[in-house]
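Along the sequence shown, residues are numbered consecutively beginning with 1. Just so you know, ligand 1 is whichever comes first in the structure, and atom 1 is the first atom listed for that ligand.
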Amino acid sequence: MRAVRLTQVGKPLEEAEVDLPKIGASDVLIRVAASGICHSDEHYRAGISRIDRFPVTLGHEIAGWIEKVGGDIKHVTRGDRVCVHYLAHCGSCEFCTRGLEQFCCTGEMIGKHRDGGYAEFIKVPGRNAFVLPDEISFEIGAIMMCSSATALHALNKARLKPGESIAIFGFGGLGFSALQLARAFDCDQIYVVETNATKLASIEKLGAVPIDANKGNPIEQIAEATKGKGADVSLELIGSAKTMRQAVQCLGALGRAALVGLTAESMSIFPYTELINKEVEIIGVSDHLAAELPTLIEFARRGKLRFPPDALRFVDLDAEQINASLNAFQNSIDHIRTIIKVASDR
Ligand SMILES: [Zn+2]
Ligand SMILES: [Zn+2]
């Protein structure tokens, strides 16, 4: 089969002819229909996130048809449409049995630690294959398995409840999904803090309240908008100490700040006035859980999570086109998502 692989850090991906993977009793073989090109793939190629095993086929946002099923797998059969949970995990360790497989000691990220979806076929553990309803295209089924799933996990970790308000810091891929999913939770007002004029306009178009951080302190703007109460939940999706601190400061009594963005900076807090007095919680968020995916898939099926067609770009399973899309991440600020159309029929 054909695959597009990373053979060396800092080098363009290369096309290769590789053997069709052999599956075990607990695996499935998927004929890939669509594979999302993610910003983290660019980080793998550039060596910003470390990879130890080469060559490796990248791609962790995957949807396709079941081609072969291992003997132990009962929930899918040949021909089923599926999307893939990107963390291959043991299923039996202390964390896996508690449904917290993101902490599995032998967990492997698909498309990083093991071969991913920039290929005609992929082998994954059967438990990683989730049935994709007919209402959801393969393209959307692929890309929602990364940032949208993590946005949902952040809302779950923050325990957003119907009628509560939320402040979202940053309107990139995560923020775009978080806004729509927060609404699917029947929350009250959604405030989105941004500095980019185009993004501020699309926040407003999506029915949320844009908070322009260029026009003064976002904390004061949120305080004013909530009549001094503060937000019930905040999500920090940017990865900066400044906005993390703002995500804590914008909260009212019993508020929860979920921190998702990555940074090496440290953040300062006044424990008495900013945490203790208000019983505010600061919550770390990493990845997402397999158990959350059925809800995500159902939101997408009911049209609560959408990706506008004009924001999607398509390329072939072709090294040159894929490398060009990875290059484009270096200066992109919009919500354009590029998807490899690997196959359009079985
Ligand atoms: Zn991704
Ligand atoms: Zn495990």
Side-chain angles (χ1 to χ4, degrees), residues 4 6 13 24 26-27 32 34-46 48-49 51 56-64 83-119 122 124-128 130 138-154 170 172-178 181 237 239 260-262 285-293 296-297 300 305 307 311-313 315 322 325-326 328-330 332 334-340 342:
V4 172
L6 180 63
L13 307 189
S26 62
D27 297 322
V32 180
S35 197
I37 299 180
C38 183
H39 204 160
S40 23
D41 296 330
E42 200 267 313
H43 288 170
Y44 300 150
R45 190 185 64 169
I48 296 169
S49 314
I51 288 190
V56 64
T57 304
L58 299 188
H60 56 267
E61 304 178 0
I62 304 153
C83 49
V84 174
H85 175 40
Y86 63 42
L87 185 72
H89 50 286
C90 78
S92 56
C93 72
E94 183 202 336
F95 290 115
C96 282
T97 50
R98 289 164 61 198
L100 301 169
E101 75 284 348
Q102 89 245 61
F103 304 116
C104 177
C105 311
T106 56
E108 287 184 321
M109 175 78 187
I110 291 171
K112 181 185 184 189
H113 303 122
R114 54 189 282 155
D115 284 336
Y118 291 10
I122 182 174
V124 300
R127 70 172 79 89
N128 285 61
F130 286 76
F138 284 121
E139 293 76 36
I140 302 302
I143 59 174
M144 73 182 192
M145 300 306 274
C146 185
S147 56
S148 309
T150 299
L152 176 63
H153 184 55
L174 277 162
F176 184 73
S177 292
L181 294 169
L237 309 175
V260 188
L262 304 178
V285 177
S286 178
D287 277 325
H288 55 265
L289 300 169
E292 294 169 312
L293 295 173
L296 181 72
I297 293 168
L305 175 68
F307 296 83
L312 305 180
R313 302 277 181 277
V315 296
I322 295 170
S325 314
L326 291 173
F329 277 116
Q330 288 151 9
S332 87
D334 50 25
H335 291 127
I336 302 294
R337 289 302 323 263
T338 305
I339 300 154
I340 307 168
V342 182

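The distance from atom CG of D287 to atom OH of Y86, rounded to the nearest 0.5 Å, is 3.5 Å.
Under the side-chain contact (heavy atoms from CB on, under 4.5 Å) criterion, T106 pairs with C90, C104, sequence neighbours left out. With sequence neighbours left out, the side-chain contact (heavy atoms from CB on, under 4.5 Å) criterion links D115 to R5, R53, V56, T57.
Looking at E61 and R337, a side-chain N of the basic residue comes within less than 4.0 Å of a carboxylate O on the acidic one, giving a salt bridge.
H288 places a side-chain heavy atom less than 4.5 Å from the side chain of H85. For the pair H60/K112, no side-chain contact is recorded, criterion being any heavy-atom separation below 4.5 Å from C-beta on.
The distance cut-off of 2.8 Å around the Zn ion (ligand 2) captures these protein N, O or S atoms, sorted by chain and number: C90 SG, C93 SG, C96 SG, C104 SG. Excluding waters, the protein N/O/S atoms found under 2.8 Å from the Zn ion (ligand 1) are C38 SG, H60 NE2, E61 OE2, C146 SG.
Taking the six-membered ring where tryptophan is involved, the planes of F329 and H39 are essentially parallel, since the angle between them stays under 30° and well short of 60°.
In this structure, L262 places its CG atom where only 12 or fewer heavy-atom neighbours from other residues, nucleotides or ligands lie under 6.0 Å away.
Closest of all the heavy-atom pairs between A151 and L181 is CB-CD1, 4.1 Å.
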